[in-house]
Engineer: 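Encoded as structure tokens, here's the structure I'll be asking about.
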Number of protein chains: 2
Amino acid sequence: MADQEVDWTSHAESRIHEAGLKKSGPRGRVIESLAGRDCAATALEIDAELEGVGRATVYRAIEQLEELGLVQKVDLGGSAFGYEKVDPSGHHHHHIVCDDCGKVEPFEDEALEEAIHDIHRKGFKLEKHEVTLHGQCQDCR
Amino acid sequence: MADQEVDWTSHAESRIHEAGLKKSGPRGRVIESLAGRDCAATALEIDAELEGVGRATVYRAIEQLEELGLVQKVDLGGSAFGYEKVDPSGHHHHHIVCDDCGKVEPFEDEALEEAIHDIHRKGFKLEKHEVTLHGQCQDCR
DNA sequence: CGACAAAGTGAGAATGAGTCTCATTTACTA
DNA sequence: TAGTAAATGAGACTCATTCTCACTTTGTCG
């Protein structure tokens with residue numbers, strides 16, 4: 001396990017505690033599962049990985065983590081949403097999805113972030129944004 | 001019905017014909033419904049609007065139109081996808097979604113398009129992109 | 001003009017993701 | 001240690017989407 005994962009895990013546990021929530025084994029396992037991934041996973045993938053943890057618990061844990069800003073929901077273009085840990089530093093990335101095989105890769109782009117930051121829309125208070133690029137990966141070409 | 005809608009409708013019908021597909025009333029009604037909208041609608045909204053047209057037919061028609069590049073699928077953050085006609089001129093927009101009431105508004109931004117156009121990713125052949133901004137609309141603040 | 005094959009169709013069953021309920025268990029705190 | 005609020009797992013449920021299938025329409029070829 002890399003340092004960053006340890007950081008995110010303990011950061012998440014602290015924030016959970018600060019929010020007045022109790023410690024729990026099943027939720028801890030969901031947090032671990034998210035910590036060990038570089039990019040988005042679906043709720044059902046996590047559920048399948050964690051034997052003995054109920055589906056409802058996985059969804060509940062993800063929801064709580066999302067409310068605390070520890071996890072973000074990302075649309076991968078398919079039928080299910082993906083969820084991934086949010087870097088405490090505020091650093092974030094977007095996604096490239098291969099429309100043939102479904103593979104997802106993270107990417108970052110400074111110019112893109114700036115362009116989005118410069119968008120102002122009358123009456124709308126922007127809170128977050130999501131960019132998904134679609135195409136074909138090397139393997140599928 | 002505005003000129004642009006007429007154009008898109010007949011353009012769509014021609015492309016359907018070119019693709020070797022047969023003429024049909026129900027699919028024609030789905031095309032009309034899409035033509036009459038400025039922004040995305042869900043498949044079930046279209047289905048509900050068109051009495052006498054089966055759900056399967058609505059989904060099939062949308063799928064065919066999507067394959068022909070006449071319609072694009074957009075993620076509105078909710079549980080269902082939206083579908084909207086693609087302007088034959090290549091002109092396109094993205095979406096701002098109010099996370100409280102679910103309202104969707106289109107927006108365009110030249111700088112954003114350029115930033116996306118400049119992204120090159122080794123091994124990936126980019127085909128399309130999707131940008132969704134989230135926040136709160138005037139009514140919900 | 002038929003007649004036939006391919007495309008199209010609607011009803012409803014099936015699937016898949018996500019949500020809800022509820023009886024039971026667990027973690028904190030007084 | 002008792003009380004209570006949070007947490008849990010099983011499974012029922014909802015909603016969007018896909019699939020199946022028997023039947024109808026379209027277009028073309030003889």
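Keep in mind that this is a model prediction, so the values were computed, not measured. In what follows, every heavy atom counts, from backbone to side chain, and hydrogens, waters and symmetry copies are set aside. Within every chain, numbering begins at 1; the chains are lettered A, B, ... in the order of the sequence lines, protein sequences first and strands thereafter.
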Engineer: Check every strand shown and say whether B:E45 touches a base, only sugar-phosphate, or nothing at a heavy-atom separation below 4.0 Å.
Structural biologist: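 B:E45: no heavy atom of the nucleic acid under 4.0 Å.
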Engineer: A:E63 has an atom CD; how far is it from atom C1' of D:dA6, in whole Å?
Structural biologist: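 The distance from CD of A:E63 to C1' of D:dA6 comes to 14 Å, rounded to the nearest Å.
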Engineer: Find the distance A:E13:CD to D:dA7:P and express it as a whole number of Å.
Structural biologist: 12 Å
Engineer: Among residues 65-72 of chain B, which contact DNA chain C at a heavy-atom distance under 4.0 Å?
Structural biologist: none
Engineer: A:V71 and A:L44: same hydrophobic cluster, using ILVMFWY side-chain contacts below 4.5 Å?
Structural biologist: no
Engineer: So how far off straight is the helix from C:dC1-D:dG30 to C:dA30-D:dT1, going by the axes through five pairs at either end, to 10°?
Structural biologist: 10°
Engineer: Between C:dG8 atom P and B:R29 atom CZ, what is the distance in whole Å?
Structural biologist: 17 Å
Engineer: Can you run down the ring-ring contact (aromatic ring centres under 6.0 Å, His included) pairs that involve residues 122-141 of chain B, sequence neighbours left out, and say none if there aren't any?
Structural biologist: B:H92-B:H129, B:H94-B:H129
Engineer: So do the side chains of A:D75 and A:E130 get within less than 4.5 Å of each other, counting heavy atoms only?
Structural biologist: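 The answer is yes, as the side chains (C-beta and beyond) meet within the 4.5 Å cut-off.
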Engineer: Need one value for B:Q64: base, sugar-phosphate or nothing, where a base atom within 4.0 Å counts as base even if backbone is also close, heavy atoms only.
Structural biologist: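 Sugar-phosphate only.
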Engineer: Rounded off to whole Å, could you give me the CZ-to-P distance for the A:R27 and D:dG9 pair?
Structural biologist: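 To the nearest whole Å, that distance equals 11 Å.
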Engineer: Does some side-chain heavy atom of A:Q136 sit less than 4.5 Å from a side-chain heavy atom of A:C101?
Structural biologist: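 A side-chain contact is absent here, since even the closest heavy-atom pair is not under 4.5 Å.
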Engineer: Do A:I96 and B:I119 have side-chain heavy atoms sitting under 4.5 Å apart?
Structural biologist: no
Engineer: Reading nucleotides 16-22 of chain C from the 5' end, what letters show protein touch, with B for base, S for backbone sugar-phosphate only, - for no heavy atom under 4.0 Å?
Structural biologist: -SBBB--
Engineer: Closest-nucleotide mapping onto DNA chain C: is B:V53 or B:G20 further toward the 5' terminus? I mean the 5' end.
Structural biologist: B:G20
Engineer: Does any non-hydrogen side-chain atom of A:F107 lie less than 4.5 Å from one of B:R121?
Structural biologist: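 Side chain of B:R121 against side chain of A:F107, heavy atoms only: contact under 4.5 Å found.
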Engineer: Are side-chain heavy atoms of A:Q64 and A:R15 found at a separation under 4.5 Å?
Structural biologist: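 Side chain of A:Q64 against side chain of A:R15, heavy atoms only: no contact under 4.5 Å found.
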Engineer: Between atom CD in A:E18 and atom P in C:dC28, what is the gap in whole Å?
Structural biologist: 15 Å
Engineer: Would you mind reading off the distance between A:I16 atom CD1 and C:dA27 atom P, rounded to a whole angstrom?
Structural biologist: 15 Å
Engineer: Over all heavy atoms of both residues, which pair between B:G69 and B:V86 is shortest? Give the atoms and the distance, please.
Structural biologist: O-CB, 3.7 Å
Engineer: Are B:E49 and B:S33 close enough that a side-chain donor and a side-chain acceptor fall under 3.5 Å?
Structural biologist: yes
Engineer: Between B:K73 and B:F81, is NZ or CZ placed under 6.0 angstrom from the six-membered ring centre and within 45° of the ring axis?
Structural biologist: yes
Engineer: Specify the separation, in whole Å, of atom CG of A:L50 and atom P of D:dA7.
Structural biologist: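 Value for this atom pair: 17 Å.
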Engineer: Quick one: are A:V58 and A:Y83 in side-chain contact, heavy atoms under 4.5 Å?
Structural biologist: no
Engineer: So do A:L70 and A:W8 actually touch side chain to side chain, heavy atoms under 4.5 Å?
Structural biologist: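 Answer yes - side chains close enough.
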Engineer: Could you tell me which non-hydrogen atom of A:E84 sits nearest to which non-hydrogen atom of A:A40, and how far apart they are?
Structural biologist: OE1-N, 3.2 Å
Engineer: Could you work out, with salt bridge (charged side-chain N to carboxylate O under 4.0 Å, His left out) as the rule, every residue matching B:K125, not counting sequence neighbours?
Structural biologist: B:E127
Engineer: Take atom CD1 of A:I62 and atom C1' of D:dA7, then tell me their distance rounded to the nearest Å.
Structural biologist: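 It works out to 16 Å between those atoms.
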Engineer: In B/S/- notation, 5' to 3', how is nucleotides 24-30 of chain D contacted by protein heavy atoms closer than 4.0 Å?
Structural biologist: --BS---
